[in-house]
Amino acid sequence: MKILITGGAGFIGSHVVRLFVTKYPEYQIFNLDKLTYAGNLENLKDIEDQPNYTFIKGDIVDEAFMNEIFQENQFDAVIHLAAESHVDRSITDPMAFVKTNVIGTCNLLNAARETWKGNYSKHLFYHVSTDEVYGTLGETGMFTEETKYDPHSPYSASKASSDHFVRAYYDTYGILVKVSNCSNNYGPNHFPEKLIPLAINNIQNMKPVPVYGKGENVRDWLFVKDHATAIDAVFHKGKVGETYNIGGVNEWKNIDLIRLLCDTMDEKLGREKGTSQKLITFVTDRAGHDLRYAIDSSKIMNELGWKPSVTFEEGLAKTVDWYLENPEWLKHVTSGAYQHYYEEQYNR
Ligand code: NAD
Ligand code: DAU
């Protein structure tokens, strides 16, 4: 089977690519990525020479190129993760999100529609999405697959739009699709603009750790490798045309999470307890900041037998260890050196 994974050089995509390349040597895995600031081929150093792995540099907004690679490679299935993913960036540059997340997704759907015509039943388009499409919760309740869409940020609006297009292509043209909506991921290879890796980096360097507003917002955290196994489960066992929510049943107020991270790092760095908490700095809140996310994952757990492999404390400890053991990765990301890896390794 030939599988196109988009966004495979990013945080979650790289874990999905690695899982599929190593677990399914009989599959041919094609990783298509534009290598934006968030794409880092150093994430995949360990598997880049595997015979069942191919990297294609390309932009999903480039309609002609998408048609060309579909025609040329005749993919059997797509797992679509490529996206602009950072909420704060979507507030300053919403159109970048419209282009990649909406138009880019539609370009892939159109290329699939054209290339798979007459043979839709043998192909699959799996769209990886976010719980942010559901908007925000109050103090109680959880997002289920039936929760009404109510996106608030340009990022979540663009992801909601792409989800709708994917389902519309199923209803209108009969392309077989699956969608999953996942909560906040954390773990190795997370770009240090997002809360947890940014805080790890700053704590390590004794820099202020910015907490938006009062830190009262709640997120539901899932270890990234568990998201990858959930994607594997949905891809292979999920029902066509259906949606699966994915989450770790693991809600944390931002401020409590940051305090736990500070204490974990004090211990690992041999610092006196309380040292890192002094770095916490409350800053202006994010515009339109959703109060609380919490995912009801009972459908994927009960129907597909998936469950997270680690508790949050275990996952967070593994994550901190990974960042402390991989200073080169963080150094290359913060210096920008990672952006030359493609030219150095692939395009000599
Ligand atoms: P990321 O920003 O780390 O990676 C995105 C990848 O997509 C990068 O490699 C980037 O180079 C690539 N990309 C961006 N624009 C592209 C374009 N126009 N053409 C081709 N490639 C392009 O993102 P992530 O956190 O790994 O998220 C991956 C997917 O999972 C996204 O669709 C996101 O919406 C979704 N998601 C993320 C989370 C999370 O917590 N990070 C949770 C739920 C769902
Ligand atoms: O819920 C899934 C989503 O989780 C994904 O779809 C997004 O791609 C992903 O980026 C993530 O979005 P969030 O906005 O929740 O993640 P972020 O790490 O940016 O922020 C997490 C929380 O921490 C949020 O409430 C905002 C807050 N925050 C964030 C940053 C970067 C801070 O308090 N300080 C910060 O410096």
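All ligand and atom numbering here is 1-based and tracks the order in the structure. Along the sequence shown, the residues carry numbers beginning at 1.
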Chemist: Under 3.5 Å, N or O to N or O, is Pro210 touching ligand 2 that way?
Modeler: yes
Chemist: So, Tyr186 versus Phe312, ring centres under 6.0 angstrom or not?
Modeler: yes
Chemist: Strictly below 4.0 Å, N to O, side chains only: are Lys299 and Glu242 in salt-bridge contact?
Modeler: yes
Chemist: Say whether Ser85, considering both its backbone and side-chain N or O atoms, lies within less than 3.5 Å of an N or O atom on ligand 2.
Modeler: yes
Chemist: Which ligand 2 atoms does His86 reach within 4.0 Å, using its non-hydrogen atoms?
Modeler: 19 (O)
Chemist: Does the side chain to side chain donor-acceptor pair (under 3.5 Å) test come out yes or no for Asp163 and His127, once each step is laid out?
Modeler: CA-CA 7 Å; Asp163 291 10; His127 179 58; 3.0 Å; yes
Chemist: Can you list the atoms of ligand 2 that are under 4.0 Å from a heavy atom of Val87?
Modeler: 14 (O)
Chemist: Against heavy atoms of Asn184, which atoms of ligand 1 measure under 4.0 Å?
Modeler: 40 (O)
Chemist: Counting both backbone and side chain atoms, is some N or O of Ser129 under 3.5 Å from an N or O of ligand 1?
Modeler: no
Chemist: For Tyr155, state whether at least one heavy atom is located under 4.0 Å from any atom of ligand 1.
Modeler: yes
Chemist: For the side chain of His15 and the backbone of Pro188, is there at least one donor-acceptor N/O pair under 3.5 Å apart?
Modeler: yes
Chemist: Between ligand 1 and Asp59, is the shortest N or O to N or O distance under 3.5 Å?
Modeler: yes
Chemist: Report the nearest protein non-hydrogen atom to atom 28 (C) of ligand 1: residue, atom name, distance rounded to 0.1 Å.
Modeler: Leu81 O, 3.5 Å
Chemist: In the structure I gave you, are the side-chain heavy atoms of Phe55 and Asp33 within less than 4.5 Å of one another anywhere?
Modeler: yes
Chemist: For Thr130, take its heavy atoms, then give the atoms of ligand 2 lying under 4.0 Å from any of them.
Modeler: 1 (O), 2 (C), 3 (C), 5 (C), 6 (O)
Chemist: What's the shortest distance from atom 21 (N) of ligand 1 to any protein heavy atom, and which residue and atom give it?
Modeler: Lys34 N, 3.1 Å
Chemist: Does Gly10 reach ligand 1 with a nitrogen or oxygen that is under 3.5 Å from one of the ligand's nitrogen or oxygen atoms?
Modeler: yes
Chemist: Does the side chain of Val179 come within less than 4.5 Å of Tyr244's, by heavy atoms?
Modeler: no
Chemist: Between the side chain of Glu193 and the main-chain N/O of His86, is any donor-acceptor distance below 3.5 Å?
Modeler: no
Chemist: Mark up the atoms of ligand 1 that fall under 4.0 Å of a heavy atom belonging to Lys159, in ascending order.
Modeler: 31 (C), 32 (O), 33 (C), 34 (O)
Chemist: Look at ligand 1 and say whether Gly8 reaches it with a heavy atom at a distance under 4.0 Å.
Modeler: no
Chemist: Hey, does Glu84 come in under 3.5 Å of ligand 1, counting only N/O atoms on both sides?
Modeler: no
Chemist: For Arg292, which of Glu251, Glu139, Glu132, Glu216 qualifies under salt bridge (charged side-chain N to carboxylate O under 4.0 Å, His left out)?
Modeler: Glu251
Chemist: Under 4.0 Å from a heavy atom of Lys194: which atoms of ligand 2 are those, numbered in the order shown and with their elements?
Modeler: 10 (O), 18 (O)
Chemist: So, do His164 and Tyr149 have ring centers that fall under 6.0 Å from each other?
Modeler: yes
Chemist: Quick check, are the ring centers of Phe282 and Tyr212 under 6.0 angstrom apart?
Modeler: no
Chemist: Measure up the Trp322 and Trp329 rings against each other and bin them: parallel (under 30°), tilted (30 to 60°), perpendicular (over 60°).
Modeler: perpendicular
Chemist: Checking the N or O distance criterion of under 3.5 Å, is ligand 1 in contact with Ile60?
Modeler: yes
Chemist: Give me the residue, atom name and distance of the protein heavy atom closest to atom 23 (O) of ligand 1.
Modeler: Ser85 OG, 3.2 Å
Chemist: Measuring only between side-chain heavy atoms, which start at C-beta, is Tyr338 closer than 4.5 Å to Asn43?
Modeler: no
Chemist: In this structure, does ligand 1 have an atom that sits under 4.0 Å from one of the heavy atoms of Ser14?
Modeler: no
Chemist: For Gly58, take its heavy atoms, then give the atoms of ligand 1 lying under 4.0 Å from any of them.
Modeler: 19 (N), 20 (C)
Chemist: I'd like to check whether Asn217 has a polar contact with ligand 2, where a contact means an N/O of the residue lying under 3.5 Å from an N/O of the ligand.
Modeler: no
Chemist: Could you tell me whether Asn254 approaches ligand 2 through its side chain, its backbone, both or neither, with non-hydrogen atoms closer than 4.0 Å?
Modeler: side chain
Chemist: Could you check whether any side-chain N or O of His289 sits under 3.5 Å from a backbone N or O of Asp285, counting only pairs where one atom can act as donor and the other as acceptor?
Modeler: no
Chemist: Are any of the side-chain heavy atoms of Val240 and Val177 separated by less than 4.5 Å?
Modeler: no
Chemist: Mark yes or no for whether Asp59, through its side chain, and Val61, through its backbone, hold a donor-acceptor pair below 3.5 Å.
Modeler: yes
Chemist: Considering both backbone and side-chain atoms of Lys194, is one of its nitrogen or oxygen atoms within less than 3.5 Å of a nitrogen or oxygen in ligand 1?
Modeler: no
Chemist: Is it true that Glu303 and Lys239 have a side-chain N and a carboxylate O under 4.0 angstrom from each other?
Modeler: yes
Chemist: Taking only heavy atoms of Val128 into account, list the atoms of ligand 1 that are under 4.0 Å away from them.
Modeler: 30 (O), 32 (O)
Chemist: Okay, side chain of Asn245, backbone of Phe143: is any donor-acceptor separation there less than 3.5 Å?
Modeler: yes
Chemist: Got an N/O contact under 3.5 Å between Leu195 and ligand 2?
Modeler: yes
Chemist: Tell me the contacting part of Glu132 for ligand 2: side chain, backbone, both, or neither, using a 4.0 Å heavy-atom threshold, strictly below.
Modeler: side chain
Chemist: Report, in ascending order of atom number, the atoms of ligand 1 lying under 4.0 Å from any heavy atom of Leu35.
Modeler: 11 (O)
Chemist: With heavy-atom distances below 4.0 Å as the criterion, list the atoms of ligand 2 near Asp131.
Modeler: 1 (O), 2 (C)
Chemist: Do the ring centers of Phe75 and Phe30 come within less than 6.0 Å of each other?
Modeler: yes
Chemist: Which atoms of ligand 2 sit under 4.0 Å from any heavy atom of Glu193?
Modeler: 31 (C)
Chemist: Can you list the atoms of ligand 1 that are under 4.0 Å from a heavy atom of Cys182?
Modeler: 42 (C), 43 (C)
Chemist: Quick test of your reading of the structure: of His289, Glu216, Lys214, whose heavy atom lies closest to atom 25 (O) of ligand 2?
Modeler: His289
Chemist: For atom 32 (C) of ligand 2, which candidate among Tyr134, Tyr212, Trp221 holds the nearest heavy atom?
Modeler: Tyr212
Chemist: Using heavy atoms and a 4.0 Å limit, tell me yes or no: is Asp33 in contact with ligand 1?
Modeler: yes
Chemist: Would Val61 count as being in polar contact with ligand 1, using the rule that some N or O on each side must be under 3.5 angstrom apart?
Modeler: no
Chemist: Pull out every atom of ligand 2 sitting under 4.0 Å from any heavy atom of Val211, numbered as shown with elements.
Modeler: 33 (O)
Chemist: Consider every N or O of Ser183 and every N or O of ligand 2, then say whether any pair is closer than 3.5 Å.
Modeler: no
Chemist: Show your reasoning for whether side chain to side chain donor-acceptor pair (under 3.5 Å) applies to Trp252 and Asn250.
Modeler: CA-CA 7 Å; Trp252 284 82; Asn250 179 41; 3.0 Å; yes
Chemist: Please check: side-chain N/O of Ser14 versus main-chain N/O of Gly8, any donor-acceptor pairing under 3.5 Å?
Modeler: no
Chemist: Is it the case that the ring center of His227 lies less than 6.0 angstrom away from the ring center of Phe11?
Modeler: no
Chemist: If we only count N/O pairs under 3.5 Å, is Tyr293 in contact with ligand 2?
Modeler: no
Chemist: Do the rings of Phe97 and Tyr155 sit parallel, tilted or perpendicular, given the 30° and 60° boundaries?
Modeler: perpendicular
Chemist: Regarding atom 5 (C) of ligand 1: of the candidates Gly7, Ala9, Ala83, which has the closest heavy atom?
Modeler: Ala83
Chemist: Hey, does Ile12 come in under 3.5 Å of ligand 1, counting only N/O atoms on both sides?
Modeler: yes
